[in-house]
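First up is the structure itself, then whatever we jot down about it.
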Amino acid sequence: MRGDWLRDVVILGGCGHVGLPLGLALADAGLRVTLFDTNAAAVQTVRSGHMPHREAGAQEVLERTLASGSITASSEPSSVQSAECLIVVIGTPVDEHLNPDPQAVVNAVESVEQHLHDGQLLVLRSTIFPGVTRMVERLVERLGKSIDVAFCPERIAEGRAMDELHSLPQIVSARTVRGSERAAELFGRIAKTIVQVQPEEAELAKLFTNSYRYIKFAAANQLYMMANDFGVDYERVREAVVQDYPRAADLPGSGFAAGPCLLKDTMQLAAFNNNNFALGMASMQINEGLPLYLVSRMAARYPLDTMTVGILGMAFKGESDDTRSSLSYKLRRVLKVRAADVLATDPYVTDDSSLSTLEDVLARADLVVIGAPHDLYAKTEIDQPVVDVWNLRGGGVLV
Ligand SMILES: NC(=O)c1ccc[n+]([C@@H]2O[C@H](COP(=O)([O-])OP(=O)(O)OC[C@H]3O[C@@H](n4cnc5c(N)ncnc54)[C@H](O)[C@@H]3O)[C@@H](O)[C@H]2O)c1
C-alpha cells in the first residue's frame, strides 16, 4: 500500500537552520523523525526542548513533537540505520576564496556509509554544486546498495520555514520513477504542490532561484546608490515606480543582501560556469560594496573620525539571530578604520561578547546606522541622526 514504506526519517544535519524546521514539520505530519547532527551542543539544546536558533512558530512544534516522542535528536551516526528515508541537509558554504566544495555532501554520505541499507530513500536537500547528485548516485553504486537517490532542494527563507514548508511548491527530482515517486510521497506529507524534474534541472533550479534574487537586490542597490549620489531619495522614486504598475512591482527596496545563501549560491553558479557569470559577479560587487559606499557617504557628510558610530542590528536580516555572512560585520570593520569608535548591538545575537546593549549604544553614539531591520528599531526613540538604508523608520534612505 502507498506510504507503508515510510515511517522513520533521519535528517543528517538535523539541528541546523534548515534541517530542524524540516524535521519538525515532518514529525508534526505523523512521521518518526531522528535529527542526526555532529554538533553535540545543538543536539543537547534540542533535546532539552529549546530551539538553537530563532525560527517563528518552531518552539511550540518542538515541544509538542518531543512530548509525543515523534522527534528525537542524536549525534550518533548509527541512528541513520533506522531510516527508511535519510535526508542530507548539511551546510555547503563556499571557502574563503569563494570556491564551492562539491565533495562536502558526498563526504557526509560517506561518513555514514556503513549504516546505509537496501531499500532506503536518500534525499539530498543541501544546496549543491551541479553534478553532486550524480556523484552521490555513483557512490551508492560503488557501495553496491539498492538505494533511491533524490535531490529535493530547500527554498524556504529562514524565519518563515514553518509556513513556507507547507505553502511553497516542492521541487523533487530523481533518476528513476520509483525514486521520484517516493520523494514526492515524502514531501507530499507537508507540501501542497510537487514539481517533478530531472536532478540536473533541480540542481540548476535551486541555484537560479537564489542567484536571481541576489541579482534583483543588486539592481535595487545600484539604483539606490545612483539616486543617492544625485541627492534623490531612492525610496521615494521606488514608490513612484511601483505604484499601480505591476511590471515593476517587484523592484526591491535598498538594503544589505547578505546571509549564508545568496552570495554563496551565486558564486557556486559562477564556478560551475567557468567563472563566466557577469551578472552574478557584478551583483557581488554591488551588494558587498554597499557597506563601503555607506561609510564613504557618511564620511563625506559627518566628521566621522571624531565620532562614535552605533550599529543597530548585527544579524544578516530582520528578526533573525543568524550572523552568518552578515554585512553589518563588514560595516563595522570598515567603520573602525574611519570613525573614532564603533559600537554595535543586537537583541537576538547572544553569542557575541563584543556587542553592547541598545541603551549603551544610544547613550554613547553620535551617529546611528541600522544594520539589521529588526522591528524593534522602527519604534525606538533615537535622538542622533540615523542612517537607514532599509527605510525601516519611514524617513527615507538618503545619506
Ligand atoms: N539557511 C537557509 O535559509 C537555507 C535556505 C535554503 C537552503 N539552504 C541550504 O541548506 C543547507 C543547510 O544550511 P543551514 O543554513 O541549515 O546550515 P547549518 O550550518 O545551519 O546546518 C547544517 C547542520 O549540519 C550539521 N552537520 C554538518 N556536517 C554534518 C555531518 N557530516 N553529519 C551530521 N551533521 C552534520 C551541522 O552541525 C549543522 O547543525 C545548505 O546547503 C544551505 O545552502 C539554507
Side-chain angles (χ1 to χ4, degrees), residues 6-39 42-43 45-47 50-66 68 70-75 79-80 82-92 105 108-109 112 120-128 149-174 182-195 202 205-206 209-210 259-261 265 320 322:
L6 183 60
R7 181 83 187 90
D8 283 287
V9 176
V10 174
I11 302 183
L12 196 152
C15 293
H17 289 81
V18 161
L20 182 49
L22 175 65
L24 292 173
L26 291 172
D28 221 20
L31 296 174
R32 210 156 44 204
V33 175
T34 302
L35 308 165
F36 164 53
D37 203 296
T38 46
N39 182 341
V43 166
T45 304
V46 169
R47 273 190 180 155
H50 298 104
M51 287 294 295
H53 46 262
R54 278 171 72 82
E55 187 61 58
Q59 180 62 36
E60 62 197 70
V61 185
L62 176 60
E63 287 167 22
R64 184 162 70 234
T65 50
L66 277 175
S68 69
S70 53
I71 206 161
T72 52
S74 168
S75 42
S79 60
V80 167
S82 65
E84 281 123 11
C85 171
L86 174 64
I87 303 175
V88 180
V89 66
I90 61 156
T92 50
V105 165
V109 176
V112 294
Q120 277 176 324
L121 171 67
L122 172 57
V123 176
L124 311 180
R125 194 156 175 81
S126 299
T127 304
I128 52 176
V149 177
F151 172 58
C152 307
E154 178 63 84
R155 293 196 298 165
I156 56 97
E158 261 179 55
R160 296 197 216 144
M162 300 310 291
D163 286 333
E164 291 190 348
L165 280 165
H166 300 287
S167 63
L168 292 181
Q170 175 61 53
I171 293 175
V172 158
S173 72
R182 293 174 88 199
E185 216 173 306
L186 169 70
F187 286 103
R189 300 285 184 116
I190 52 174
K192 281 205 255 332
T193 316
I194 303 291
V195 181
K206 172 62 198 181
T209 300
N210 277 6
C261 289
D265 291 340
S320 171
D322 192 347

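Values below: every heavy atom of this structure, side chains too, minus hydrogens, waters and symmetry copies.
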*Glu164 side chain vs Ala157 backbone, donor-acceptor pair below 3.5 Å*: yes
*Give the C-alpha distance, both sets of side-chain angles, the deciding distance and a yes or no for side-chain contact (heavy atoms from CB on, under 4.5 Å) between Met162 and Leu24.*
CA-CA 8 Å; Met162 300 310 291; Leu24 292 173; 3.9 Å; yes
*Step by step, work out the side-chain contact (heavy atoms from CB on, under 4.5 Å) result for Cys261 and Asn210.*
CA-CA 7 Å; Cys261 289; Asn210 277 6; 3.7 Å; yes
*Which heavy atom in Ser320 sits nearest to a heavy atom in Glu158, and how many Å separate them?*
OG-OE1, 4.2 Å
*With side chains defined as the heavy atoms from C-beta onward, is the minimum distance between His53 and Asp322 less than 4.5 Å?*
no
*Sub-3.5 Å donor-acceptor pair from the side chain of Gln170 to the main-chain atoms of Gly188, do we have one?*
no
*asked:* What's the separation between atom CD1 in Ile90 and atom CD1 in Ile128, rounded to the nearest 0.5 Å?
replied: 10.5 Å
*So, for Ala27 and Ser70, which heavy atoms are closest and what is the spacing to 0.1 Å?*
CB-O, 3.7 Å
*Looking only at heavy atoms, what is the nearest atom pair of Gly13 and Val89, with distance?*
O-CG1, 3.9 Å
*How far does CG of Leu26 sit from CG of Leu31, to the nearest 0.5 angstrom?*
5.5 Å
_Run the side-chain contact (heavy atoms from CB on, under 4.5 Å) test on Ile87 and Leu186 for me, step by step, so that the C-alpha distance in whole Å, both residues' side-chain angles and the decisive distance to 0.1 Å come before the verdict._
CA-CA 11 Å; Ile87 303 175; Leu186 169 70; 3.9 Å; yes
*asked:* Counting only heavy atoms from other residues, nucleotides and ligands, does the tally under 6.0 Å from CZ of Arg47 exceed 12?
replied: yes
*Any sub-3.5 Å donor-acceptor pair from Arg32's side-chain atoms to Arg7's backbone N or O?*
no
*So, does Thr65 use its side chain to make a donor-acceptor pair with the main chain of Asp28 at under 3.5 Å?*
no
_Name of the residue among Leu35, Ile11, Ile156, Val33 meeting side chain to side chain contact (heavy atoms under 4.5 Å, CB included) with Leu22_ = Ile11
*asked:* Looking at every non-hydrogen atom in both residues, tell me the closest pair between Phe187 and Val172 and how far apart they are.
replied: CD1-CG2, 4.2 Å
*asked:* Given 3.5 Å as the limit, does a donor-acceptor pair link the side chain of Thr45 with the main chain of His50, or not?
replied: no
*Pairwise side-chain contact, Thr92 with Ser126, heavy-atom cut-off 4.5 Å (strictly under)*: yes
*Exam field: side chain Glu55 to backbone Ala161, donor-acceptor pair closer than 3.5 Å*: yes
_Test applied, side chain to side chain contact (heavy atoms under 4.5 Å, CB included); reference residue, Phe36; option that passes from Val80, Thr72, Val43_ = Val80
*Over all atoms of both residues, closest heavy-atom pair of Gly159 and Ala56*: O-CB, 3.5 Å
_Using every non-hydrogen atom in the two residues, find where Ser173 and Cys152 come nearest and quote the distance to one decimal._
N-SG, 4.3 Å
*For the atom pair CD (Glu154) and CG (Leu168), what is the distance rounded to the nearest 0.5 Å?*
8.0 Å
*Any donor-acceptor pair under 3.5 Å linking the side chain of Glu84 with the backbone of Asp8?*
yes
*Kindly compute the distance separating OG1 (Thr127) from NZ (Lys206), expressed to the nearest 0.5 Å.*
4.0 Å
*Hey, are the side chains of His17 and Pro260 touching, using non-hydrogen atoms and a 4.5 Å cut-off?*
no
